[in-house]
Amino acid sequence: MNSVNNVYRSAKETLEETVREALAAAMEAGELPAAPLDKISVEVPKDPKNGDLSCTAALSLAKAMHCAPRKIAEAALLHMKKHEWFDSYSVAGAGFINAVFGCRWYSDVLRAVTELGENYGSDDIGHGERVMVEFVSANPTGPMHLGNARGGVFGDSLAAVLERAGYRVWREFYVNDAGNQVDLFGKSIEARYIQYLKGEDACEFPDNGYHGDDIKELAASIAGEFGDSLLELEPEERRVKMREIGLARNLERMQADLRRYNVVYDCWFRETSLHESGYVKETIDMLGERGYLYEKDGATWFRGTDFGMEKDEVMIKSNGFYTYYAVDIAYHRNKLVARGFDRVIDVLGADHHGHAVRFRAGLSALGIDPSRLDIKLYQLVNLLQNGEAVRMSKRTGKMISLDNLLDEISVDAARFIFNSKQSDTHLEFDLGVAVREDSENPVYYVQYAHARICSMLDRLAAEALTPSGTDSADLALLTEPSERALIKQIASLPDEIRLAARDYEPYRMTKYLIDLATAFHAFYTDCRIKGADKPLAEARLTLADVTRAVIANVLGMLSISAPERMEKSGQNAAE
């Protein structure tokens, strides 16, 4: 598939082989000293004036051949065979061998898009490897906030990129429905329930309780459903009841919010299932059998320092309860052993940077290859409104939740902008920009390019001018610089997907779309369609239609819509 799908890569491989054969021929003719031709490197020059591809073989062979790189390149040039993809070869600078694409290469790029359809850009570097991407996994004790919003679109987009790169991907949300935080959640609801029924002074609110308005809303809804009947229960039974109802309602809300955000999981995995199945105990017992546990101060400790951790970790507290770390290690063992994923990717906020060492230490102690776990961190989000930062605090309830955000801006804008920067950089999310309908809003800029093409195709079809298709159009007529720049941008998609999957950086896809839209707008400005000779007009319409298909393809991969109609407003609308 790659030879058809990735015409850029195929051209590089072709030039590599052409240079290799030319060097071998020059050596055989006695024009160059003999030397091993282990690696021939081809790159895309930063300056297009230096050609479309550039080979640095002569520079890397200079030492072995005891010869000036330019002399090596010039000797090779005399033996280089012609190829339908290249118009010319040349030697430049210290000894670079450059190649210029011909009409056939540009035509083959467009034909590849048509032939492969939605599969254009796909790769097979994953070789069917089973990968779990676990992301968001927010505590179900309150609404999801902006950090969860960035982590959600990052994890979902990463999963989509990996799927396009040939991995079998599983999306998972880990539900922390056990432990101290959940107990405190139940106590907070109980206190608000009593206060709702009997007044503020009837019950003291727990230390470090959850103060958000969402807790008051939960308590009020419970009171509305059950009245004061729950007051008759024993305190512990009442707290369990409150916890169960609160978790169920919050999880239902989380699922609804994430579906609205176009995030759908294969599994919502509950922490309680690890306890109920005995899997946590089994995992800790295994560590003990391997000699990595010891007793101290009534607690059970893990010898983490034996595996690169800064300090040992408590696994079982003096009260007999497992720590979060113990459960996390059991959960990762479950992912990699019980369910047999080849690789696991944890998408976490930057404040969890220490987890990589701690989780891998636990896996190593269990005899599980720690390299099968990757942890990808994303930085914080600063929300701006009218140029001012919006402050957020989950504990005090002063926050912007995901559903609040999606009430203000479109899902498309949220998904695009949250994925517009590298994950390890801070992101400033400007609400004013996100609602604009002009080129200042990046998702609008891209969607408008798609809508503009659709509108143009419809308008010209009414005048009996339509794309003739890549098999019928005379694509060799597409020789203008802006035409060829647009085709090159289309051709780069497979490499962008490969790099995004390799580096776990799906932001490359939004950058690609902006660059593609920019290239299209330049083409649209420079190259007249209506009024051009019919063969040229049909070729240009075909290029526009292929561009439309690629924009829709990548937007769809990111779960962002590709509208066929849009209104532009303001002075900066994309033209």
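Heavy atoms only: backbone and side chains are in, while hydrogens, waters and symmetry mates are out. What you see is a predicted model, and the numbers here were worked out from it, not measured in a lab.
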Would you say the side-chain atoms of Ser107 pair up with the backbone N or O of Cys103, donor to acceptor, closer than 3.5 Å? yes
Distance-only donor-acceptor pairs under 3.5 Å for side chains of residues 340-353, two or more places apart:
{"from": "Asp342", "atom 1": "OD2", "to": "Arg130", "atom 2": "N", "distance (Å)": "2.7"}
{"from": "Arg343", "atom 1": "NE", "to": "Glu129", "atom 2": "OE2", "distance (Å)": "3.2"}
{"from": "Arg343", "atom 1": "NH1", "to": "Ser371", "atom 2": "O", "distance (Å)": "3.0"}
{"from": "Arg343", "atom 1": "NH1", "to": "Asp374", "atom 2": "OD2", "distance (Å)": "3.0"}
{"from": "Asp346", "atom 1": "OD1", "to": "Lys335", "atom 2": "NZ", "distance (Å)": "3.0"}
{"from": "Asp346", "atom 1": "OD2", "to": "His332", "atom 2": "NE2", "distance (Å)": "2.5"}

Under 3.5 Å, is there a donor-acceptor pair linking the side chains of Ser455 and Asp458? no
Does the ring of Phe101 carry Arg484 above it, NZ/CZ under 6.0 angstrom from centre and within 45° of its axis? no
Arg171/Asp156 ion pair, N-O < 4.0 Å: yes
Just by distance, do the side chain of Asp503 and the backbone of Ala500 share a donor-acceptor pair under 3.5 Å? no
For the residue pair Tyr261 and Phe418, does the interplanar ring angle fall in the parallel (under 30°), tilted (30 to 60°) or perpendicular (over 60°) class? perpendicular
Donor-acceptor contact present, side-chain Asn98 to main-chain Ser54, <3.5 Å: no
Just checking, is any N or O donor in the side chain of Asn553 or Arg548 under 3.5 Å from an acceptor N or O on the other one? no
Does the distance from a Lys or Arg side-chain N to an Asp or Glu carboxylate O, for Asp424 and Lys376, drop under 4.0 Å? no
Take the angle between the ring planes of Tyr265 and Trp268 and call it parallel below 30°, perpendicular above 60°, tilted in between. perpendicular
What heavy-atom pair brings Ser561 and Leu555 nearest, and what distance separates the two atoms? O-CD1, 3.6 Å
Quick one: does Asp526's side chain have a donor or acceptor within less than 3.5 Å of a partner on Ser482's backbone? no
Main-chain N/O of Ala549 paired with Tyr120 side-chain donor or acceptor, under 3.5 Å: no
At their closest point, which heavy atom of Trp170 faces which heavy atom of Cys267, and how far apart are they? CZ2-CB, 3.4 Å
Charged N to carboxylate O below 4.0 Å: is that the case for Arg436 and Asp438? yes
Spatial distance of atom CZ (Phe523) from atom CD1 (Ile487) [nearest 0.5 Å]: 8.5 Å
Hey, is the main chain of Leu558 close enough, under 3.5 Å, to the side chain of Arg415 for a donor-acceptor pair? yes
Could Asp495 and Arg9 be called an ion pair, given the rule that one side-chain N must be under 4.0 Å from one carboxylate O? yes
When you measure from the side chain of Tyr444 to the backbone N and O of Val435, does any donor-acceptor pair fall under 3.5 Å? no
Quick one: does any side-chain atom of Asn6 pair with a main-chain N or O of Pro494 as donor and acceptor, under 3.5 Å? no
Considering only residues two or more places apart or on different chains, which pairs with a residue in residues 11-22 satisfy side chain to side chain donor-acceptor pair (under 3.5 Å)? none
Going by an N to O cut-off under 4.0 Å, is there a salt bridge joining Arg260 and Asp257? no
How about Glu43 and Thr56: does a side-chain donor come under 3.5 Å of a side-chain acceptor? no
Looking at Asp108 and Arg111, does any basic side-chain N land under 4.0 Å from a carboxylate oxygen? yes
For the pair Arg540 (side chain) and Arg528 (backbone), establish whether a donor and an acceptor sit closer than 3.5 Å, ignoring hydrogens and angles. yes
Look only at the side chain of Ser122 and the backbone of Asn119, and say whether a donor-acceptor pair between them is shorter than 3.5 Å. yes
Decide, yes or no, whether a salt bridge links Glu172 with Arg339 under the criterion of side-chain N to carboxylate O below 4.0 Å. yes
Using distance alone, with no hydrogens and no angle criterion, decide if His83 and Arg104 have a side-chain donor and acceptor under 3.5 Å apart. no
